[in-house]
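As a basis for the values below, the full set of heavy atoms in this structure was taken, side chains included, without hydrogen atoms, waters or symmetry mates. Numbers restart at 1 for each chain; the letters A, B, ... are given by sequence-line order, proteins then strands. All values derive from a computational prediction rather than experimental measurement.
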There are 2 protein chains.
Amino acid sequence: MEALRKYFDKFILLNDEEWNDFEACLTKESIQKKDLILKENEKCDFLAFIHEGIFRFYSFNDGSERITAFFFSGDFVTNYRSFLTGKPSEHNIEALTDGVIYRIKLAQLQKLYDKHQTLERLGRLVAENLYLTVANRLDSFMFQSPADRYNELVKRNSKLLSEIPQYMIAAYLGISPETLSRIRARK
Amino acid sequence: MEALRKYFDKFILLNDEEWNDFEACLTKESIQKKDLILKENEKCDFLAFIHEGIFRFYSFNDGSERITAFFFSGDFVTNYRSFLTGKPSEHNIEALTDGVIYRIKLAQLQKLYDKHQTLERLGRLVAENLYLTVANRLDSFMFQSPADRYNELVKRNSKLLSEIPQYMIAAYLGISPETLSRIRARK
DNA sequence: ATCATTTATTGACTTTGGTCAATGAAAAGT
DNA sequence: ACTTTTCATTGACCAAAGTCAATAAATGAT
């Protein structure tokens, strides 16, 4: 689990005791393409660290799918809202590729928070980071046109474009596949 | 500062020592209508607790104003992004009424985090809460029509409507004042 | 109370993106 | 390799929201 530890190091350095306690709570799972690691109406009581694979976080609006986020290796994936509030998830989390994740349960995480102030801090930093992610995405919806959102995606995350079908990119940008096709055509 | 302590109690109970250390870092300020407590391009190095007053958090897109949030007494107001990242703010925070706030500086808050695990936890809970707020707002932009957003606002926050001019509500909903006027007319 | 300014409404027109349908291209299954 | 299904593009049309401009209503200042 060196990958996970490295990811954490970006936020905060854990000593061996903290790390070992944390690692002991993780359970490894192999995931197949199209598996749902979280289903609508379930409570999300876990965080999952993605060792390998791509996931999408989506729900249905009327008939059509809306994708709130994609997650890649090195990311945490969870329904953070359901995780925090205990309410049932309105979203699904689906594997777009085969993969490997490490899960930790909410209850165990809370015990770790109590035991180590450093892990409590890590929890804060993770929450702050997630805040920044959604806040940026909110801005993109408030201030930018679909074409702007697409162009920024191309600039920032061209990897994503090559690995994910275009109609999902459209669902992520909040537009129809036809519109995305036209945005790409005109330029 | 009983109001602030009560607000905290919603998250977590502080003992007297923790509370006193925290309170000692607060500075009280009277604010006049139209004052900017944060200006574009400044770093936001504070959290402010609103004892009295209404504030708006806004920026300019091309020529026109976009309002990201309103804040009322009992809320914290800050540019959380600038606060967390240290980057200059792209937003202004303006008082819509006269008011009273209590500021705490980032540096002092960090000292408190180090001193008391409970305050560290409070920091996490506040971050988690802010996450939920923006995440809900993002959903409203991704999934709802302007009319839906307006109707929900009427349902949830009718107080806001009576205290804030309609063109600002429109800017908050991400639509033109004309469109809001028409949404209200048809029904 | 009057006048000036700000805010809200309404109409005409434009722009943008959505929907439906047809066609082409690519990928997956046998 | 061939068929089937999925995905992407394109066209025609529609609906929603934006813009510009005129007017009305409300608010504030003197």
Side-chain angles (χ1 to χ4, degrees), chain A residues 32-35 54 56 58-67 70 92 94-98 137-138 140-154 158 160-187, chain B residues 32-36 54 56 58-67 70 92 94-98 137-138 140-154 158-187:
Chain A
Q32 303 228 310
K33 188 173 174 172
K34 297 199 179 166
D35 281 354
I54 302 176
R56 68 172 175 141
Y58 73 100
S59 65
F60 293 95
N61 194 230
D62 309 307
S64 72
E65 290 178 8
R66 286 293 165 96
I67 299 175
F70 296 106
N92 301 284
E94 185 197 45
L96 298 178
T97 63
D98 293 353
R137 194 152 154 71
L138 173 60
S140 78
F141 273 86
M142 283 192 70
F143 297 120
Q144 296 186 304
S145 70
D148 291 343
R149 286 203 290 283
Y150 175 73
N151 291 329
E152 203 164 296
L153 194 65
V154 173
S158 54
L160 188 152
L161 297 172
S162 57
E163 310 207 49
I164 290 173
Q166 198 170 302
Y167 74 94
M168 287 193 190
I169 306 278
Y172 175 71
L173 296 173
I175 59 180
S176 69
E178 292 94 332
T179 297
L180 180 52
S181 174
R182 288 183 178 114
I183 287 169
R184 285 159 48 83
R186 66 169 189 247
K187 45 177 258 171
Chain B
Q32 302 228 310
K33 187 171 176 174
K34 297 198 176 166
D35 281 355
L36 296 176
I54 302 176
R56 68 172 175 142
Y58 73 100
S59 65
F60 293 94
N61 193 232
D62 308 306
S64 72
E65 291 178 7
R66 285 292 164 98
I67 298 176
F70 296 105
N92 300 284
E94 184 198 46
L96 298 178
T97 63
D98 292 353
R137 193 152 154 72
L138 174 60
S140 77
F141 273 85
M142 284 192 69
F143 297 120
Q144 297 186 305
S145 69
D148 291 343
R149 286 203 290 284
Y150 175 71
N151 291 327
E152 203 164 295
L153 194 66
V154 172
S158 55
K159 173 190 162 209
L160 188 151
L161 297 172
S162 58
E163 310 206 50
I164 291 173
Q166 196 169 303
Y167 74 94
M168 287 193 189
I169 307 278
Y172 176 71
L173 295 173
I175 59 181
S176 69
E178 292 94 330
T179 296
L180 180 53
S181 175
R182 287 180 178 115
I183 287 170
R184 285 160 46 85
R186 69 176 188 240
K187 43 176 261 179

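- Residue A:Lys34 contributes atom NZ, which lies 12 Å from atom C1' of C:dA27 at whole-angstrom precision.
- With distances taken from any side-chain atom of A:Ser176 to the nucleotides C:dT19, D:dT10, D:dT19, the minimum falls on C:dT19.
- Rounded to whole angstrom, the span from the CG atom of A:Leu173 across to the C1' atom of D:dA8 amounts to 15 Å.
- As rounded to whole Å, 15 Å separates atom P of C:dG17 from atom OH of A:Tyr150.
- Taking 4.5 Å as the limit, some side-chain heavy atom of B:Phe70 sits within range of a side-chain heavy atom of B:Leu96.
- When each of B:Ile183, B:Leu180, B:Leu173, B:Asn151 is tested with B:Pro146 by the rule side chain to side chain contact (heavy atoms under 4.5 Å, CB included), just one qualifies, namely B:Ile183.
- One can place CD1 of A:Ile183 at 11 Å from P of C:dT16, the figure rounded to the nearest angstrom.
- Atom pair B:Arg66:CZ and D:dA17:P shows a separation of 13 Å (rounding to whole Å applied).
- When the P atom of C:dT9 is taken as reference, atom CZ of B:Arg186 falls 13 Å away, rounded to whole Å.
- Taking the nucleotide of DNA chain D with the nearest heavy atom to each of A:Glu178 and B:Lys33, the more 5' of the two is matched to A:Glu178.
- Between B:Arg184 and C:dA8, a side-chain N or O to OP1/OP2 separation shorter than 4.0 Å is absent.
- Side-chain atoms of B:Tyr167 lie closest to C:dT7 of the nucleotides C:dT7, D:dT19, C:dT9.
- The CG-C1' distance, from B:Leu180 to C:dT10, rounds to 14 Å in whole Å.
- Phosphate contact (OP1/OP2 of D:dA17, side-chain N/O of B:Thr179, threshold under 4.0 Å): absent.
- Outside the 6.0 Å centre-distance limit, the rings of A:Phe143 and A:Phe141 are not counted as a close aromatic pair.
- Atom NZ of B:Lys159 sits about 8.5 Å away from atom CD1 of B:Ile164, to the nearest 0.5 Å.
- Along DNA chain C, the nucleotide nearest to B:Pro177 and the one nearest to A:Pro146 differ in position, and the one closer to the 5' end is contacted by B:Pro177.
- Checking D:dT19, C:dT9, D:dT9 against the side-chain heavy atoms of A:Gln166 singles out D:dT9 as nearest.
- Between the P atom of C:dT9 and the CD1 atom of B:Ile175 lies a distance of 12 Å, rounded to the nearest Å.
- In this structure, A:Arg182 reaches the bases: a heavy-atom distance under 4.0 Å links it to at least one base atom across the strands shown.
- B:Pro165 comes within contact range of the sugar-phosphate backbone alone, with a heavy-atom separation under 4.0 Å but no base atom that close.
- Both tests pass for A:Arg137 against the ring of A:Tyr172: distance under 6.0 Å to the centre and angle within 45° of the axis.
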